Structures are given as structure tokens and as C-alpha cells.
Amino acid sequence: MRIPIPFVLYMMVLMLPGQVPAQEPVKPGGGNAEVTPASHGGHAGHGQRSPKTWQLPDMVDARVTLWRPDLQSETVALDDGRVAIPRTGLASYHALVAEDTSQGRTRVAIRYDYGHGKPVSSSPEDLLDQPKATLELVPSPIPREHYRYISGETWGFTLRYQDGVAADVDVLLRTSQGSQLTASTDINGRAWFTLPEDFKDVKPGRRLNDPGSFRVQAALEREGHQYETRLEAVYHPNPAHWRSTTLGFWVMGGGFLAGLAIVRGFGRNREESA
Amino acid sequence: MNLSIIRKLVQIAMFAFLVYGSVIVGYYTADKLSVAFPALTCAYDFQSADYCTLIPFQHQMDHRVGQALVAGTDIIRGVMPLVITLLTFMVLFIFLNKAFCGWVCPLGTFQEILNMLGQKLGLRQTQSLPEPVVQRLRPLKWVILLLLVFVFPLMAGIGTVDHDLGDPFCKICPSRILTTLAGGDTRQVYVDSSSNINMVLSLIANFLFGLMVAVALTVRQPFCRICPMLALHATMRKLGFVRLIKNAKPRCVKCGLCAKACPMDIREIHTEMDARNVLFPDCTLCGRCVEFCPDKDVLQMQYIQFPVFSADPDYFKKRKKAQGRWDKWTLRKGKR
């Protein structure tokens with residue numbers, strides 16, 4: 001159930017004469033060596049995000065497709081095992097799919113990135129539901145817009161094969177910090193992982209910690225053809241490292257006692273004036 | 001059945017929908033109803049059906065308007081998202097006007113339930129706050145709206161204050177704590193040691209929540225009196241379809257029962273004898289003043305000029321009796 005009022009109003013405003021033209025997407029350029037999101041770099045630099053790249057050293061001959069939030073797709077150039085992630089100017093998740101098919105074997109790598117820009121009427125659910133490969137790992141769910149994968153949190157991934165799901169298949173999760181977890185897909189094709197708390201030397205504050213990356217992968221053989229798929233994503237240290245819930249409840253208790261003292265004061269004033 | 005009971009049922013239904021409604025509308029932000037809702041329903045609640053408009057206001061002042069000013073780019077491009085949010089808010093607001101406060105807001109509902117609990121526990125109620133206290137509290141909602149929702153986020157976007165002041169109202173809002181705790185999520189109750197600003201704001205948030213809970217047991221609507229959403233509603237109350245009208249002459253004898261019934265201590269509704277429109281800035285359109293007015297049609301709630309609920313002597317008598325029965329019954333002594 002969705003009433004895209006902001007999207008409708010945005011389109012109406014754009015139709016008014018003399019309105020600002022739609023933001024042109026930035027052309028892909030060279031960029032960072034790492035897959036991590038561009039650093040925030042202080043507030044004056046906010047919004048001037050440096051281009052992101054996706055490293056695919058093991059898939060130099062892959063065909064890379066960008067799926068936009070509006071479910072349009074386009075081919076993206078793979079240059080020496082690196083993809084410069086294009087900015088579409090659309091505010092929602094995008095999917096990059098690298099597919100490499102050789103004799104008897106298909107390898108797929110997928111990553112989902114959140115873009116900033118114009119609002120869209122579609123939901124991330126639409127992009128996730130869109131089939132992008134014969135065998136793919138689909139985040140179920142993907143972190144909500146403006147949120148992220150956090151260490152210590154449990155997330156599901158559905159292994160989808162053609163029009164259905166693949167149950168009872170081993171799935172492996174590896175992080176850039178060196179952790180490794182395994183799980184099996186259930187009857188709904190879903191495997192659950194609690195992202196490990198494996199960040200070393202966590203500093204207080206999200207901006208002070210570089211995110212890590214993780215990869216979820218699975219393989220399946222069907223009719224003599226080997227399918228391998230992996231999902232790559234970024235995760236961050238859990239804010240619980242610098243936030244204390246226990247202290248929070250104590251402070252709340254202090255506020256409660258202060259409130260009782262205040263209302264007692266009202267009662268006493270009422271008695272005195274009476 | 002009376003208006004107060006109907007309102008309570010609507011409030012409970014809206015609380016359930018707004019706090020847990022993602023099962024109906026969807027999990028993602030793009031699925032939400034408007035992302036500019038005219039009540040304190042929170043984005044930190046992952047099960048919510050919609051987000052309050054104060055969230056995008058802060059975000060856009062910080063990341064759009066502030067950014068445009070720093071970068072020297074077209075300011076219209078920076079302001080347009082803010083305009084879209086404001087228009088979205090207004091599209092919803094005009095249908096219920098300030099009744100979003102009195103009938104829909106989860107935090108308002110919570111405070112009313114706390115007050116009922118305090119009554120039933122036999123705690124001595126403060127029927128009305130002293131007038132000097134009321135007058136001192138009233139400007140606070142404007143200060144909070146201006147500074148925490150607009151000025152500090154803009155200054156954070158420009159870079160003149162720390163980035164941690166980009167969303168200061170969200171960081172102290174009791175609804176963030178209420179709606180997440182209601183969903184079983186304790187992660188929004190914390191003291192944040194990542195920076196001095198975050199520590200102060202998180203201390204204020206938790207203290208304020210505890211304070212509000214205690215005060216609400218005996219004082220009606222403590223946080224509503226300083227809520228920036230109330231102030232935002234007040235700026236647009238003349239646009240809304242729901243109105244509160246007073247036909248003072250010839251029947252109003254200034255008995256003062258309307259002001260006594262008012263949970264927001266709007267004494268002006270009692271003293272105002274000339275103006276017809278008595279939808280004052282602090283009004284939440286709860287309708288209690290109309291219920292407790294003993295004179296026919298003196299006070300009236302209208303929808304696009306059509307009366308939907310008018311003061312009536314017969315209703316008043318029944319309502320007063322019902323209130324008396326309700327007030328006498330407490331959990332401590334049982335029904336007398």
C-alpha cells in the first residue's frame with residue numbers, strides 16, 4: 001500500500017514553467033581502489049561523493065549490468081577488472097550484476113548500492129524481486145534506505161534459482177576482517193547470518209570507523225551446468241560499542257524521579273494556596 | 001458511547017497502525033504513506049507505517065539547503081526537496097487539521113493513557129497548570145521548532161556547527177524512544193559517548209522521556225505543550241478542513257467548563273467572546289471543550305463549515321455523569 005505523494009508532487013513541481021532541469025547523472029569516471037563507500041570527509045564535503053568502483057579481479061571478462069530503481073537496465077563497462085559505479089541521480093537502491101559464462105559454468109557477482117537524487121515511485125522490494133541471474137542471492141530484506149548492515153545484527157539472504165528458491169544449499173559468508181560463517185538455506189531458500197563482531201580497534205562514532213566488506217556465496221549444479229553466485233556488501237561496526245543502553249535506562253529513571261518531584265511540587269503549591 | 005470514547009478507540013487504532021503498520025504498508029521507506037506525516041510517528045521504528053515530517057525537514061535543511069549554500073549551487077535546487085516535503089505535509093494536514101494531535105499522534109495517545117493510569121492508581125491529578133506556568137511553557141514549542149528542526153540542521157549543513165547537530169530534535173524526541181520500545185527494540189535507549197554533543201543529546205532524550213512519563217501520570221499532555229509539531233500545525237491551522245467554532249452570543253455565560261475540560265489549559269476558549277474561530281495554537285482538537293459545554297451550539301466542531309459535533313445540554317448532562325462515574329473508580333479503592 002503506497003501513496004507516492006512526494007513523487008507525485010515532485011513531478012507536478014517539475015512541470016511548472018521555469019523549473020530546475022533534472023540533475024544530469026555523473027558520467028562514470030576513474031576512482032577509488034576500494035569497494036567501500038566514499039568517505040564522508042567532514043560536513044563541507046558532504047554530497048561531493050567521490051566515484052565508487054567495484055573490483056572484480058576474478059571476473060575480468062564478465063558482462064556487467066546496472067539495474068536502476070525504475071527497473072531499467074544498462075550495460076556498464078568493465079575495465080581491467082574494475083567497474084566505475086555510475087551515478088544515475090535516482091534516490092534508491094541500484095543493483096550491479098556481473099555475469100561470466102564459460103563452458104559449463106556461470107559465475108555471478110551482485111552488489112546493491114544506494115544512490116542519491118530524485119525520488120522514485122518504486123520500492124527496493126521491486127528491484128529485489130526482479131530476476132537478475134539464473135542463480136542469485138537476494139537480501140531478504142536489504143537494509144532499509146539510509147540504514148546499513150551492522151555487525152552483530154542478523155540478516156537473511158534468499159537463494160533464488162530461476163523462478164523458484166533453492167532449499168538445503170550451503171551458503172558461505174566471508175568478511176574482509178577474516179571471519180567465515182556457514183549456513184544452509186531453509187525450505188524458503190533463506191539462509192540467516194549474524195554478521196560477526198570482528199572489527200578490531202573500534203573507535204567511538206560511525207564516522208571514525210572504516211566499514212568492512214562481506215561476501216555471501218553459494219553454488220549449485222543443475223543439468224550438468226555449474227552455477228556460482230555471490231553477493232557483496234559493506235557492513236559497519238555496531239553502535240553498541242559506543243552507546244550504553246544500561247546507562248540510558250538509568251538516566252531515564254533519573255528523569256522519572258525528577259518528574260515525580262516536580263508533580264509533588266505542584267501538589268504542595270496547590271495545598272498552600274488552598 | 002461519547003466523543004471521548006470514540007476518540008480513544010481511534011487513538012488506539014492509529015497507535016497500532018502507525019507503530020506496527022509496516023506489515024500493511026511495507027518495510028522500506030519508499031513504501032511508507034508519505035514520509036511527511038503530521039504526527040510524531042518515527043523512522044527509527046522499523047515497523048512504522050510512516051515517518052513524521054520533522055525528520056525530512058531536519059535532513060533537508062542539513063543535506064540539501066545547507067549543502068547548496070556551501071557549494072554555491074542553485075539554491076532552488078537545494079530548497080525544492082524541502083518544498084516537496086512541506087507540500088506533502090500540507091496535503092495530509094488539511095484533512096484533519098490539528099486533530100492529528102488529538103486523535104492520531106502516538107505520543108499524545110501514550111500520554112493520555114499514562115494520565116488515565118495515574119488517575120486509576122489514585123494519584124492526585126493536577127487538573128490545570130497555573131497560568132504563569134502555562135504562559136512560560138507556550139513559547140518553548142516555537143523555540144524547539146525553530147532551533148532544533150530548522151536552524152541547527154541548517155548550520156550543520158553549512159558547517160558552522162558540528163555534524164552531530166544535523167538532526168537534534170530526533171535525538172531528543174520522546175516518540176523515538178516510545179515507538180521503538182513499543183516494538184520491543186531497546187537500541188534507541190542509550191547514552192552515546194561518540195562525541196560531547198551526542199552525549200548531551202542522548203542524556204536529554206532519556207531524561208526527558210522519564211520526566212514525561214512521571215509528569216503525565218498527573219498532568220495532562222506534558223510533552224504536547226512543548227511539541228514542535230504542535231507549533232508547525234499552528235502555522236497552518238487556518239488551512240485545515242476541521243474547525244473549532246464558538247458562537248458566544250447570546251448563550252455563552254462564561255461558566256469556564258470548556259477551559260477546565262481542556263487538557264492543554266487553553267483558557268482563552270473560555271474568555272474569547274468575539275472571534276468565531278477559537279482553534280488556538282495549542283489546541284489538539286480533542287473536542288472535550290465541546291463535550292463539556294452546557295449550552296446548545298455555543299461550541300462546535302465543523303468540517304468544511306458543516307457541523308459535525310455541537311455542544312448540547314442533554315449530551316452535557318450525560319457526559320458529566322459518565323465523567324463523574326469514571327473519576328470515582330480507581331484501581332486502589334475499586335468502584336465506590
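Not measured: the values here are computed from a predicted model. Naming: A, B, ... by sequence-line order, numbering from 1 per chain.
- Interface check for chain B: of the options A/P143, A/P204, A/G255, A/G259, the most heavy-atom pairs under 4.5 Å are formed by A/G255.
- The choice from B/D192, B/T186, B/V133 that makes the most heavy-atom pairs within less than 4.5 Å of chain A is B/D192.
- A donor-acceptor pair under 3.5 Å is formed between the side chain of B/D50 and the backbone N or O of B/V35.
- Only the side chain of B/L181 comes within contact range of chain A, with at least one heavy atom under 4.5 Å from a heavy atom of that chain.
- A ring-centre distance under 6.0 Å is found for B/F46 and A/Y147.
- Looking at every heavy atom in both residues, A/H236 comes nearest to A/R148 through CD2-CD, 3.2 Å.
- Partner B/I172 forms a side chain to side chain contact (heavy atoms under 4.5 Å, CB included) with one of B/I177, B/V200, B/L201 and no other, that one being B/L201.
- Each of A/G253, A/G205, A/P124, A/A258 has some count of heavy-atom pairs under 4.5 Å with chain B, and the biggest count is that of A/P124.
- Of the two parts of B/L123, neither the backbone nor the side chain holds a non-hydrogen atom closer than 4.5 Å to a non-hydrogen atom of chain A.
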In residues 18-27 of chain B, what donor-acceptor pairs under 3.5 Å come from side-chain atoms, sequence neighbours left out?
{"unit_1": "B/Y20", "atom_1": "OH", "unit_2": "B/A182", "atom_2": "O", "d": "2.7"}
{"unit_1": "B/S22", "atom_1": "OG", "unit_2": "B/Q47", "atom_2": "O", "d": "3.3"}

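- Contacts between B/L129 and chain A at a heavy-atom distance below 4.5 Å involve the side chain alone, from C-beta outward.
- Heavy-atom distances place no part of B/S202 under 4.5 Å from chain A, backbone and side chain included.
- Judged by distance alone, the side chain of B/D167 and the main-chain N or O of B/P153 form no donor-acceptor pair under 3.5 Å.
- Of the atoms belonging to B/V213, heavy atoms from both backbone and side chain fall under 4.5 Å from chain A.
- Side-chain contact between A/Y235 and A/D198 is present, with heavy atoms from C-beta onward closer than 4.5 Å.
- Between B/Y190 and B/N206, the shortest heavy-atom distance links the atoms O-ND2, 2.7 Å.
- Contact of B/D162 with chain A is made through the side chain alone, with heavy-atom distances under 4.5 Å.
- A/L257 does not touch chain B: none of its heavy atoms, backbone or side chain, sits under 4.5 Å away.
- For the options B/G66, B/G166, B/A36, B/A43, heavy-atom pairs under 4.5 Å to chain A are most numerous at B/A43.
- In A/I187, the CD1 atom is not crowded: 12 or fewer heavy atoms of neighbouring residues, nucleotides or ligands sit closer than 6.0 Å.
- Interface remark: B/A205 contributes no atoms to any contact with chain A (heavy atom separation under 4.5 Å).
- Contacts of B/T218 with chain A are made by side-chain atoms alone, with heavy-atom separations under 4.5 Å and no backbone atom involved.
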